[in-house]
Amino acid sequence: MYAFVRRLRAPLSYPPMSDAHPTGYDPQAVERKWQARWEERGTHRVDLAGARRPYFNLMMFPYPSAEGLHVGNLYAFTGADIFGRFQRLRGHDVFEPLGFDAFGIHSENHALKVGLHPAELIPRNIATFRRQLRRAGLMVDWRYEVQTTDPAYYKWTQWVFLQLFKAGLAVRKRAAVNWCPACKTVLANEQVINGFCERHPDTKVEQRTLDQWFFTITKYAAPLLDHLAQLDWSHSTRTLQANWIGRSEGAELVFGTPGGQRITVFTTRPDTLFGATYVVLAPEHPLVDELVTAECRADVNAYRRRAAATDLVTRRVGEKEKTGVFTGAYARNPATGASIPIWIADYVLMEYGTGAIMAVPGHDERDFDFATKFRLPIVRVIAGPGQDAATPLPQAEPDVPDGRLVNSPGYDGRPWLEAKRAITRWLEEKGLGKGVVNYRLHDWCISRQRYWGPPIPIIHCDACGPVAVPEQDLPVVLPKLDDYRPDDSGVSPLARNEAWYRVPCPKCGKPARRETDVSDTFLDSAWYFLRYPSADRADVAFDPALTAKWLPVTTYIGGNEHAVLHLMYARFITMALKDLGLIAFDEPFPRFRAHGMIVKDGAKMSKSRGNVVVPDAYFDQWGADTFRMYLMFLGPYQEGGDFRDAGIVGIRRFLDKVWALVQKTDAKTPRGQGGQAEDGGELLRHLHRTIQRVTADTEALAYNTAIAAMMEYVNALQKGEPSRALLEPLTVLLAPYAPHFAEECWERLGHSTSVMEAAWPAFDPALAVVEQVELVVQVNGKVRARVAMPRGTAEADAVAAARAEPAVAKFTEGKPPRKVIFVPDRLVNLVV
RNA sequence: GCGAAAGUGGCGGAACGGCAGACGCGCGGGCCUUAGGAGCCCGUGGGGCAACCCGUGGGGGUUCGAAUCCCCCCUUUCGCACCA
C-alpha cells in the first residue's frame, strides 16, 4: 500500500533525507531558519545615505495576478537576484528593491469576474505574491517596497503628469482610438493583436473617436532612437526599439492643383517623382472636401463613411485588397507638369507622414496593385543593367540594383541615390519640397475610460479650459465606487459619481468638473525606479541627493516583452524630467539585460492555456535553493526555455554532495584554520579555475555554465580530500545561487556572520591554468594522437614528441612535414 | 513581406576558428543491500572484430583546420506589418 502510494508520487518525489544521507540536508528547516535570521539581522538592508559603492540592481516589478507567482516570474527574479548578490559579494552596496504594479485593466477585469472590489482583491494578491517572493530568498530590502495603487505612490504619478502637462508634453487630442467592446475601453495600438483585443482574443476591436490625453513622446523620437547606440543593452531589445521608432528619411513634396490647393505628400523616394502617375489621400484628409467634384461627391462620401466605420485595426491588418475612389480632381506633378488624378484610398494612413502620397506604381508594390486594379498608368523611371526606359514592368520594382533614372528628363542616367538628393534640392529651390525625417512612433495615449487607475489630475473649466490640480491638493484620490463597471458610454465610471467630479475651478472658482479618465498603467511603471530610493518619503517624489547617488539604475534585468512599451515610456519620462531640470541624467537604464522567457510545452504560460506552473509545490518538495538553481540550470538565462521538472534531482544531488563535504570537513579539520589547502596541487588549481569560471559566467549571466563549473569542482572534491580552504570559497561562489544553503554551510564551517558579508574569492591566474596540457596532434587536419606536455612547451619539442607517436608516424610515413601549424598548448598540425 | 534570433546525442544543453557533445537528466552494467527507490564505481553519438570511418538542418565556399567565418536554401521562435 505504502509502496503504491509512493509510486504515484514518483515524478516529483525525493526520498526522506535521513534515508538519503546520514547527515541530512533539510531544505525546509534551513530556509525557515535563514529567512528569520535575515529578517532579524537586517541582512538585506542597505544604508542608502551612507553607501560608498552604490549599485542599483533593478528588476521589473511584478503585476500581481490572482493566480500568484508563476515560474516565469520566479525565473526573472532569481536571475536578477543572483546578479545582485554577486555584486554585493564583490563589494558593492547593492540596493535591490521590489514592489507591485497593481493598477490597470487586468486587475479590474479580474475583480469584476470574481465579484470582489479591486480595493479588497488587490491587497490579497499582493500579500500572496510577497509571501512567495520572500520564500524564494530574494535579497530585497522590503523597507523600500512600492505599490502603484497606494495613494502615497500615485500622488506622485499624478505629480509626474502635471510636470509634463505644464511643459506642454501632455495634450488633449480628439482621436480615433481602438475600442474594445469587451473591455469597454480604448486600447493602445500595442494592445491590439491582429485586430483583436490582447485580453479578449475573440473580440474584434472597433474604432471610436474620443477626446484623449496624449504624451507627445514623438517630440523625443530622435533622441530616443539616437541614444540607443550608446546604451549597453541586449542587442535584441535595442533592435526592437529601433524598429518601433521606425525612422525614415525622405522628403515632403508639394503637388499643386488648378484650384490652388497644395497637397503635401511624404515620400522616401523623391527620385521616382517622374513616375508619380496619381496622388492618393487618406479618406480623412482635410483637403478631400475641398477637392472633390460634384459628380464624385456621393461616391467619395460613401467611401469615407465606410472607412470611418471600419475599426482602425482591420483597416490596418485586414485583407489587403486595395479599395479607393476617384475624387474627380487633378494635381500637377511638379516634375513632369502632367495633370494626374487624385484618389482617396484607405491604404493611405492619415496618422503617418502627411496623410497623402504620390503614387509611383512602377516602383512600389502597393501603388502597383492599386494602379492595376483601377487601370491607372504605370511608368518605369528606374532601369537596372540590361533594362531601358521601355522594359516592361510585369510587377513593381521597388529595388533596382545599380538602377539609373529613365523617363526623367534632366535626370536620365543618374544613379537613383544621387537623383534622390538632386531632385529634392531642385524642388527645395522651387519652394515645392524639403527633406524631412518621419517616425512611425505615435504619441502615447494615456487616457483610460476605466476605474482602476490613478485619476488624471485635471479639472475642466468652461472658462479656463483644462486646469492642473494644484500640487498641494494631490493626490486626487480614487474614490471607492461600489459600481465600478465600465459601460459603453465611452466615459469612465467616475463620470457617474457626481459628488466626486463636481469641484470649483482652481483658477477662477467657478463650478467645474474633474477629468474622469484614469491614466494608463504604463505611466505608473514609467517612473517607479525613481521612487524606490525615496519610497519612504512623503514630502518629495524623489529626493535629489538620493537620486543623484543611486541613479541612473546600474543594471536593469527584465523581459523583452517590455522592450517597446515600458522601456520606451520610462526613457521618455526620464528625458522629459531631465529637460525640466528635475533630474540630471537623460537615460534611466544605461545597462539593460533581457532574460529569456520560460514557456511550457512550447507555449507562453497563461491561465487561458491552463499551462501555468506555480513554484509552491516545488518549494515544498525541493526547497527554494534547489528550485532556484534548477531554473538557472535549464539553459542560458538570456534565452529562456521550456519548463519541465525532469532533472531537478540533479541539482539536489549536487547540494547533497556539498552538504556532505561540509559535514565531513567540519568534523575533521580544526576551525579557524582556513589557511593552506592540504592538497596544494590539483584540487587547489581546480578551485582557482572554478573561481575564474564562475566569476566570468555570473558576470555574463551565464548561470547554467557557472553551475556546471561548480558541479565539476565538487565532483573532483569528492574524489579527493576536502578542507576548509577548498570549501569556503566554494560556499561563497554558491551564495548567489543557493543563498539559504550557503548561509548554513558558512555557519557550519565556523562563521558567525552572514556569508553575504564575505568577499567574493579572488583567483590566482597562475594557479587557474592547467600545468600539464594535452596537445592534440593532427595530420592533415585529422586528429591522430594526443600527447601530454608541460604547459609552455616550445614548438620544436612539441613537434618532436608528436612525430614520435606511432599513430602519427603511421600517417606521416616518417617523411618530414611540408608544413607545421603549432598553436601553443593546444595543437600541432602536420601537413604532409 | 520586412527585421531579429536560433537549428548540436534519447532529452536540457557545452564548446577564444583548434580534442564536438562539458555539466545535468535518462539509460545500461557493477558494488553495497532483506530490499532499492538512496549512495558509490564504470559505461553511454552512429557504424565496424579491429585499424579506422561517419557525424553539429541541407548545399556550396574560405582555411592546414569550420558547430563556429562567408554565400544560397530549408525549418522554428519572436517582433513589426498597406508606415509611402
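Keep in mind that what you see is a predicted model, and the values were worked out from it rather than measured. A, B, ... follow the sequence lines: proteins, then strands. Residue 1 opens every chain.
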Residue whose closest nucleotide on RNA chain B lies nearer the 5' end, G355(A) versus M711(A): M711(A)
Separation of rG12(B) P from I598(A) CD1 (nearest whole Å): 14 Å
For atom NZ of K657(A) and atom P of rC40(B), their distance in whole Å: 6 Å
Y352(A) side-chain proximity, nearest of rA84(B), rC19(B), rC82(B): rA84(B)
Heavy-atom neighbours of E365(A) CD exceed 12 at 6.0 Å: no
Cationic N near anionic O, under 4.0 Å, K373(A) to D369(A): no
K322(A) side chain, from C-beta outward: closest of rC23(B), rC82(B), rA84(B): rC82(B)
Proximal nucleotide (of rG24(B), rG26(B), rC19(B)) relative to the V649(A) side chain: rG26(B)
Atom-pair distance (NZ on K604(A); C1' on rG79(B)), nearest Å: 11 Å
Contact state string [nucleotides 43-55 of chain B, B base, S sugar-phosphate only, - no protein heavy atom under 4.0 Å]: --------SSSS-
For RNA chain B, stems built from three or more consecutive Watson-Crick or G-U wobble pairs below 3.5 Å: B:1-7 with B:74-80, B:10-12 with B:23-25, B:26-31 with B:39-44, B:45-47 with B:52-54, B:57-61 with B:69-73
Rounded distance (Å) that lies between atom P of rG79(B) and atom CG of L565(A): 12 Å
N/O (side chain, T705(A)) to phosphate O (OP1/OP2, rG13(B)) under 4.0 Å: no
Residue T267(A), side-chain heavy atoms: nucleotide from rA84(B), rG26(B), rC80(B) that is nearest: rA84(B)
V325(A) and R304(A), any side-chain heavy atoms less than 4.5 Å apart: no
Sugar-phosphate, base or nothing in reach of I357(A), heavy atoms under 4.0 Å: base
Below 4.0 Å: OP1/OP2 of rU63(B) and any side-chain N or O of N829(A): no
Protein-nucleotide distance (K719(A), atom NZ; rG39(B), atom P), rounded to Å: 15 Å
Whole-Å gap separating C1' (rC40(B)) and CG (L661(A)): 14 Å
Closest nucleotide among rC19(B), rA14(B), rG18(B) to the V823(A) side chain: rG18(B)
Pair F643(A) and Y75(A), ring centroids less than 6.0 Å apart: no
S236(A) and N560(A): side chain donor to acceptor below 3.5 Å: yes
Sugar-phosphate, base or nothing in reach of E712(A), heavy atoms under 4.0 Å: sugar-phosphate
Sugar-phosphate, base or nothing in reach of E774(A), heavy atoms under 4.0 Å: base
Nearest-Å distance for atom pair CG/P, residues L240(A) and rA81(B): 12 Å
Distance test, side-chain N/O of R653(A) to OP1/OP2 of rC25(B), below 4.0 Å: yes
Touch class at under 4.0 angstrom, heavy-atom based, for N438(A) against every strand present: nothing
Centroid separation Y630(A) to W622(A) less than 6.0 Å: no
